[in-house]
Structures are given as structure tokens and as C-alpha cells.
Amino acid sequence: MDTAGIISVIGKTLDLLGIEYEAIEEHPSKNDAVRINILTRQSGRLIGTRGETLSALNLIVKKMVSSANESTHISVDVNGYLEAVDQAIRNKTYILAERAKSFKTDVEMEPMSAYDRMVAHSFLKDDPHLETVSIGAGKNRRIVIKYKE
């Protein structure tokens with residue numbers, strides 16, 4: 001499905017949910033993913049507690065617009081919330097990575113969602129002095145930033 005179709009599906013979904021919005025915009029992406037941002041004054045209803053409602057909305061939109069033979073990477077954001085969260089995760093990861101390098105030791109991050117762990121893993125994937133591994137299970141799953149000589 002093309003971007004206009006995806007935006008149309010999101011608009012109809014928001015209408016059915018009774019969410020008023022100012023605009024639904026496409027944002028540029030570094031890869032072939034489709035990034036959509038919803039501008040609304042009712043962001044709390046769409047984001048939910050720690051982004052849980054927004055995660056559900058992302059899943060629903062992906063299911064609605066993807067066909068069986070097509071894998072479309074779609075990210076739906078609300079008022080730039082996900083971008084701000086991603087930046088905060090990258091900032092924390094950077095600080096802890098610098099600590100791991102400075103003290104030449106492993107550093108454990110706090111438990112995170114699968115998506116947040118993916119952001120942190122991706123952020124450090126090209127660092128030759130560090131590697132990241134996930135440990136734990138369920139809501140206690142976290143990343144360990146490991147220093148390597």
C-alpha cells in the first residue's frame with residue numbers, strides 16, 4: 001500500500017476512535033520505512049501510559065495495511081513522541097557506553113521494552129570497543145553493554 005493509502009487508513013481509524021487531529025504527515029526516513037506523524041491535541045489518548053496505546057496503534061495499522069506477501073515497515077508517531085523517546089534512549093545509551101569505555105567494564109541498563117532495546121542495540125552496533133547483549137526475561141529484560149579490548 002502506498003503512503004497516501006496508509007494515511008487514509010490512519011485517518012479513518014482516528015475518526016472511528018473519535019480522535020480529533022490537525023494533520024497526518026509523512027516524515028522522511030533513512031531507510032525504506034514509512035514514518036507517519038499524527039498532529040493532535042489529544043495525544044494522551046493515543047500515546048497512553050509509557051507509549052503502550054501508541055504501540056497498539058502501530059500494530060493495528062501495520063496489520064491493516066500489510067498484505068500477506070508484502071512487508072511494509074511503518075512507524076506511526078504522535079506529536080513527535082517516539083522521536084523524543086528514541087533520542088532519550090540514545091542519550092542514556094551514550095552515557096552508559098562512555099562509562100563502560102572509561103572504566104573498561106560491563107554496564108547494565110534498566111529493563112526496557114523490545115523496541116527500546118532495539119534502539120539501544122542499533123545505536124552501539126558499530127562501536128568497535130563495545131558489544132550489547134540482552135539478558136533477563138519479560139518485563140525485566142535489559143541490555144548489558146560489554147567492554148571489549
Side-chain angles (χ1 to χ4, degrees), residues 1-3 6-7 9-10 13-14 17 19 21-149:
M1 182 177 287
D2 67 350
T3 304
I6 295 169
I7 289 173
V9 166
I10 293 170
T13 303
L14 295 176
L17 292 171
I19 303 287
Y21 57 92
E22 288 79 48
I24 303 172
E25 305 171 334
E26 179 181 13
H27 281 259
S29 177
K30 294 176 186 170
N31 50 28
D32 60 350
V34 176
R35 292 182 57 224
I36 306 292
N37 189 43
I38 302 167
L39 299 175
T40 180
R41 291 186 180 151
Q42 297 178 311
S43 59
R45 288 182 61 198
L46 283 176
I47 295 170
T49 303
R50 292 189 337 231
E52 291 174 356
T53 305
L54 183 54
S55 292
L57 177 63
N58 266 285
L59 179 64
I60 290 168
V61 169
K62 287 174 189 174
K63 294 288 185 186
M64 291 171 68
V65 302
S66 294
S67 64
N69 60 353
E70 174 187 21
S71 175
T72 306
H73 299 286
I74 302 168
S75 174
V76 180
D77 199 354
V78 175
N79 295 343
Y81 171 81
L82 285 179
E83 187 58 39
V85 169
D86 287 358
Q87 188 58 49
I89 293 167
R90 287 189 292 267
N91 290 344
K92 282 183 197 176
T93 303
Y94 174 79
I95 290 167
L96 294 175
E98 289 301 308
R99 182 177 298 161
K101 287 190 238 184
S102 293
F103 295 109
K104 298 183 179 179
T105 187
D106 297 348
V107 176
E108 195 169 302
M109 298 182 79
E110 75 276 358
M112 293 188 244
S113 71
Y115 175 80
D116 293 350
R117 288 193 312 274
M118 183 271 307
V119 171
H121 282 299
S122 296
F123 182 72
L124 294 177
K125 72 178 184 208
D126 296 325
D127 191 310
H129 300 289
L130 301 172
E131 74 175 315
T132 57
V133 295
S134 290
I135 62 167
K139 292 191 181 257
N140 290 321
R141 195 147 174 87
R142 74 192 92 232
I143 288 179
V144 176
I145 302 170
K146 295 186 171 215
Y147 177 79
K148 58 184 184 180
E149 293 287 338

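The basis for the numbers below is simple: all heavy atoms, side chains too, and nothing from hydrogens, waters or symmetry mates. Just so you know, these numbers come straight off a predicted model, no measurement behind them.
Using a 4.5 Å cut-off on side-chain heavy atoms (C-beta onward), V119 and S122 make no contact. Side-chain contact between Q42 and V78 is absent, with no heavy-atom pair separated by less than 4.5 Å. A heavy-atom distance below 4.5 Å is not found between the side chains of M109 and V144. Residues R45 and T53 fail the side-chain proximity criterion, which asks for heavy atoms closer than 4.5 Å. Looking at heavy atoms from C-beta onward, H27 lies out of side-chain contact with I36 at the 4.5 angstrom threshold. Between S75 and L82 the shortest side-chain heavy-atom distance falls below 4.5 Å.
Between L39 and N79, the shortest heavy-atom contact is CA-OD1, 3.2 Å. Summarising the geometry of Y21 relative to L14, their closest heavy-atom pair is CD2-CD1, 3.6 Å, with the distance given to 0.1 Å. The minimum heavy-atom distance between G80 and N37, with the atom names listed, is N-OD1, 3.1 Å. Heavy-atom minimum distance, K146 versus D106: CA-OD1, 3.3 Å. Summarising the geometry of A97 relative to L130, their closest heavy-atom pair is CB-CD1, 3.5 Å, with the distance given to 0.1 Å.
Here the straight-line distance linking atom CD1 of I10 with atom CG of L57 works out to 7.0 Å at 0.5 Å rounding. With rounding to the nearest 0.5 angstrom, the CG atom of L124 is 8.0 Å from the CD1 atom of I143. K101 contributes atom NZ, which lies 9.0 Å from atom OH of Y147 (distance to the nearest 0.5 angstrom). In this structure, OG in S66 is found 7.5 Å from CD1 in I6, a value given to the nearest 0.5 Å. Expressed to the nearest 0.5 Å, how far OG of S113 lies from CZ of R141 amounts to 12.0 Å. Annotation: the span from M112 atom CE to R142 atom CZ amounts to 9.5 Å, rounded to 0.5 Å.
In summary, E26 and R35 do not engage in a salt bridge, as defined by a charged side-chain N under 4.0 Å from a carboxylate O. Taking a cutoff of 4.0 Å between a charged side-chain nitrogen and a carboxylate oxygen, R90 and E83 qualify as a salt bridge.
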| said: E110 vs K92, test: salt bridge (charged side-chain N to carboxylate O under 4.0 Å, His left out). Steps then yes/no. | reply: CA-CA 10 Å; E110 75 276 358; K92 282 183 197 176; 3.5 Å; yes

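Using modelled atom types, one finds a donor on one side chain and an acceptor on the other under 3.5 Å when comparing Y115 with D86. In summary, the side chains of H121 and T93 do not present any donor paired with an acceptor at a separation below 3.5 Å, with no hydrogens or angles considered.
Here the rule is side chain to side chain contact (heavy atoms under 4.5 Å, CB included) with I38, and of I7, V76, L54, D77 only V76 fits it.
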